[in-house]
Amino acid sequence: MTDEKRIERLSAMLKRRGIILPAFEIYGGVSGLIDYGPVGASIRRRVIQNWIEHWTINGDIVEIDSPTITPENVLIASGHVGEFNDLMTQCEQCSSAFRADQLVEGYHPNPDILVSKEIDEILTAEKIKCPNCNQSQWTSSKPMNLMFGTKIGAMKSSRQAYMRPETAQGMFMLYPSLYRHFRQKLPFGAIQTGKGYRNEISPRQGMIRLREFNMAELEYFIDPENPPIIDLSANKEKITLIPDPNGNEHKEIRITLQDAIDNNVIKDKTVGYFLSRTWDFLIGVGIEPSKIRFRQHEGSEMAHYAEDCWDCEILGEHGWIECVGIANRTCHDLLSHEKHSNSNSLRAWREFDEVKVENKEILAAKTSVLGPMFRDRAGSVLSALENLENIPDNLPFNLELDDGSNVEITSEMVEKKMINNSIAGEWFTPHVIEPAFGIDRIIWHILDHAYEEIEKEGEKYNLLKLKESVAPADVIVLPLFEKDGMGVTARKLNSQINQMKGVKCLIDSSKSIGRRYARADEIGVPWAITVDHQTLEDGTVTIRRRDDQKQIRMEINQLLTLIDSNMVSTLF
RNA sequence: GCGCCUGUAGUGAAGGGGUUAUCACCUGAGGUUUCCAACCUCAUGUCCCGGGUUCAAAUCCCGGCGGGCGCACCA
């Protein structure tokens with residue numbers, strides 16, 4: 001943060017040019033909500049498109065899309081309801097905030113179940129002191145759930161629900177379908193992009209902490225005993241890591257990811273792989289390599305579900321900001337959803353290398369005899385027989401049932417049998433590695449890193465050096481003048497280019513040519529085509545490169561071919 | 001949520017208990033100009049919202065909303 005005013009000039013430009021603006025501004029605005037304007041929306045769409053293509057390119061990852069409204073039981077299972085319904089209270093003396101249930105621990109057998117009023121009474125009655133300043137003056141406690149609540153349906157039949165705090169749960173809900181889609185073979189993954197919601201207490205720092213934000217998450221399901229084989233040795237780039245938050249090695253190191261895995265700096269290879277793929281994505285959309293680092297989470301700041309977590313932080317005007325979290329969520333989510341939903345389809349089948357053959361002697365029940373004999377107890381007799389550890393040598397014998405009672409089993413009721421079980425494999429709950437991207441934060445840093453203020457002929461000049469892949473438009477057509485048919489030619493060219501698949505072209509004919517170049521440079525359009533007098537004579541135009549203002553004259557048709565095949569940059 | 005600072009055209013700023021609120025850039029129309037924010041003429045557009053004090057409030061006071069920073073919080 002060398003220049004304090006730069007962020008203000010950048011923010012003013014983003015607003016002036018219709019990139020990022022405060023939402024609902026004519027009604028005073030709402031903190032933590034933003035609009036992407038006509039230019040910004042194009043950038044956002046392209047960043048997301050890049051992200052989707054980046055992950056789906058190998059075929060082991062598919063895109064899904066789930067509702068943002070989520071019923072409460074899903075979020076109870078995920079832990080979001082329980083973890084974030086804590087009552088908070090604040091010391092009036094020193095303003096420190098604490099979880100109220102932790103303060104009254106020891107004064108009540110189960111502080112978790114107390115409501116706000118009861119906790120306040122205990123705080124006052126027991127004169128509980130502030131751990132920070134030793135005073136005993138507490139504000140009334142308030143529940144702190146950062147989720148936006150809503151109801152599904154009306155009146156009595158309505159059902160409690162929340163706006164999703166993350167997109168991940170959608171992928172877990174679709175696990176059975178994904179498992180079938182991928183022919184029941186791990187590893188595989190699913191991605192989802194969309195809005196997430198958090199009712200932040202205090203949104204800050206422009207578009208860094210929003211209440212409604214664009215997320216992009218990948219859930220990659222693996223067999224923890226047979227993790228994917230990862231080879232990152234081709235990746236020679238040294239990357240900044242801050243590992244070992246609680247140990248002696250907690251400092252920045254520069255290391256290749258392969259070395260980091262080999263030296264156990266990154267313990268999980270799959271996590272290492274996603275660090276690498278995240279790096280590639282960020283570079284691809286124009287984040288500066290020197291402004292990226294990966295920091296390992298401390299135990300205390302880890303989410304309730306995560307086992308190991310690395311943040312990818314990007315340096316910008318707001319300092320180092322967490323933009324991607326890569327977490328090993330283990331089997332936490334799938335297991336919990338299995339329990340809460342009574343489903344048994346959130347598993348995968350692991351075949352053993354060798355089929356295990358088990359020869360076993362059992363007492364097979366003759367149900368036609370047992371049934372009439374024991375009637376309503378027949379069920380428990382059957383299960384006791386099945387669970388019998390040691391087959392008795394002689395019949396009859398006394399069989400103990402679950403309820404502690406005994407029955408006599410005679411030779412008419414059972415038959416000794418040898419069975420051979422062959423066990424080919426086992427069911428297990430897959431582990432999941434989750435890279436979660438904050439798209440708005442990434443877009444902020446793309447803009448931050450691309451924004452350049454230079455001097456041009458003694459004047460200040462701004463440009464956005466966006467990568468072609470995330471520019472709001474690919475090309476802009478500028479008639480030198482409207483007259484003499486230049487405007488007509490330009491409009492025709494604009495429409496021809498816009499008919500190309502995946503290519504977006506703008507046109508601008510107001511004010512002087514220099515001013516129009518400046519406007520296009522400021523929103524980051526990489527190429528400008530100028531229609532001039534010579535165009536009318538010989539069918540050539542000039543193509544201008546944003547980053548150095550170089551121009552090349554060439555035939556319109558030749559240029560159109562290059563634009564269509566995304567090859568304009570080969571000209572220069 | 002607390003504390004300090006703060007809010008004037010699209011953007012950046014000046015001013016300030018008084019009758020028509022100022023400037024630059026931007027935007028639009030016209031003119032001029034054969035390629036990098038040129039020039040001329042004209043035009044559009046502002047005191048965050050609500051309440052109070054006052055003959056009079058954009059200005060002072062209170063509250064809200066928004067923004068910045070610090071503390072706290074942050075899946």
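Lettering follows sequence order; numbering is per chain, from 1.
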Roughly how far apart, to the nearest Å, are [N] and [M] at atom [atom1]?
N      : M      : atom1 : value
B:rC40 : B:rU33 : P     : 16 Å
B:rG45 : B:rC36 : P     : 34 Å
B:rG31 : B:rA21 : P     : 33 Å
B:rA14 : B:rC25 : C1'   : 15 Å
B:rC71 : B:rG64 : C1'   : 23 Å
B:rG30 : B:rC60 : C1'   : 46 Å
B:rA9  : B:rG1  : P     : 27 Å
B:rG15 : B:rA58 : C1'   : 11 Å

Is there a Watson-Crick or G-U wobble partner for [N] with both distances under 3.5 Å, and which nucleotide is it?
N      : value
B:rG63 : B:rC49
B:rU44 : none
B:rG70 : B:rC2
B:rA38 : none
B:rA21 : none

In whole Å, I'd like the distance from the [atom1] atom of [X] to the [atom2] atom of [N].
X      : N      : atom1 : atom2 : result
A:E453 : B:rG12 : CD    : P     : 14 Å
A:R6   : B:rG12 : CZ    : C1'   : 18 Å
A:H332 : B:rA75 : NE2   : P     : 14 Å
A:E200 : B:rG66 : CD    : P     : 14 Å
A:R211 : B:rC73 : CZ    : C1'   : 12 Å
A:K511 : B:rG31 : NZ    : C1'   : 12 Å
A:I208 : B:rC74 : CD1   : C1'   : 13 Å
A:R9   : B:rA13 : CZ    : P     : 11 Å

Mark yes or no for whether [X], through its side chain, and [Y], through its backbone, hold a donor-acceptor pair below 3.5 Å.
X      : Y      : result
A:R516 : A:L480 : yes
A:D35  : A:G37  : no
A:D311 : A:E322 : no

Inset, instruction - Give the minimum heavy-atom separation between A:G170 and A:S66, together with the two atoms involved. - result: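 Minimum heavy-atom contact is CA-OG, 3.3 Å.
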Inset, instruction - May I ask you to say what A:G325 touches in the nucleic acid, namely base, sugar-phosphate or nothing, with a heavy-atom cut-off under 4.0 Å? - result: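 Counting heavy atoms under 4.0 Å across all strands, no contact is made by A:G325.
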Legend entry - Under 4.0 angstrom between A:S31 side-chain N/O and B:rG67 OP1 or OP2: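 So the side chain of A:S31 is within the cut-off, an N or O lying under 4.0 Å from OP1 or OP2 of B:rG67.
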Legend entry - Phosphate contact (B:rG28 OP1 or OP2) by A:S510 side-chain N/O below 4.0 Å: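 Answer is yes, contact under 4.0 Å.
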Salt-bridged, [X] to [Y], with N to O below 4.0 Å?
X      : Y      : answer
A:R329 : A:E217 : no
A:D440 : A:K195 : no
A:E482 : A:R491 : yes
A:K15  : A:E25  : yes
A:R515 : A:D508 : no

Inset, instruction - Report the residue (A:K15 or A:Y197) whose heavy-atom-nearest nucleotide on RNA chain B is the more 5′ of the two. - result: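 Its nearest nucleotide being more 5', the pick is A:K15.
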Legend entry - Contact nearer the 5' end of RNA chain B, comparing A:P165 with A:G28: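 By nearest-heavy-atom nucleotide position, the 5'-most residue is A:G28.
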Inset, instruction - Sugar-phosphate means primed atoms, P, OP1 and OP2; the rest is base. With that split, encode nucleotides 34-42 of chain B 5' to 3' as B, S or - using protein heavy atoms under 4.0 Å. - result: SBBBS----
Inset, instruction - Go through B:rG12, B:rA75, B:rC73 for me and flag the one nearest to the A:A12 side chain. - result: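 Looking only at side-chain atoms, A:A12 lies closest to B:rG12.
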Inset, instruction - Mark yes or no for a side-chain to base donor-acceptor pair under 3.5 Å between A:R204 and B:rG70, with no hydrogen or angle criteria applied. - result: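 For A:R204, whose side chain was compared with the base of B:rG70, there is a donor-acceptor pair (under 3.5 Å).
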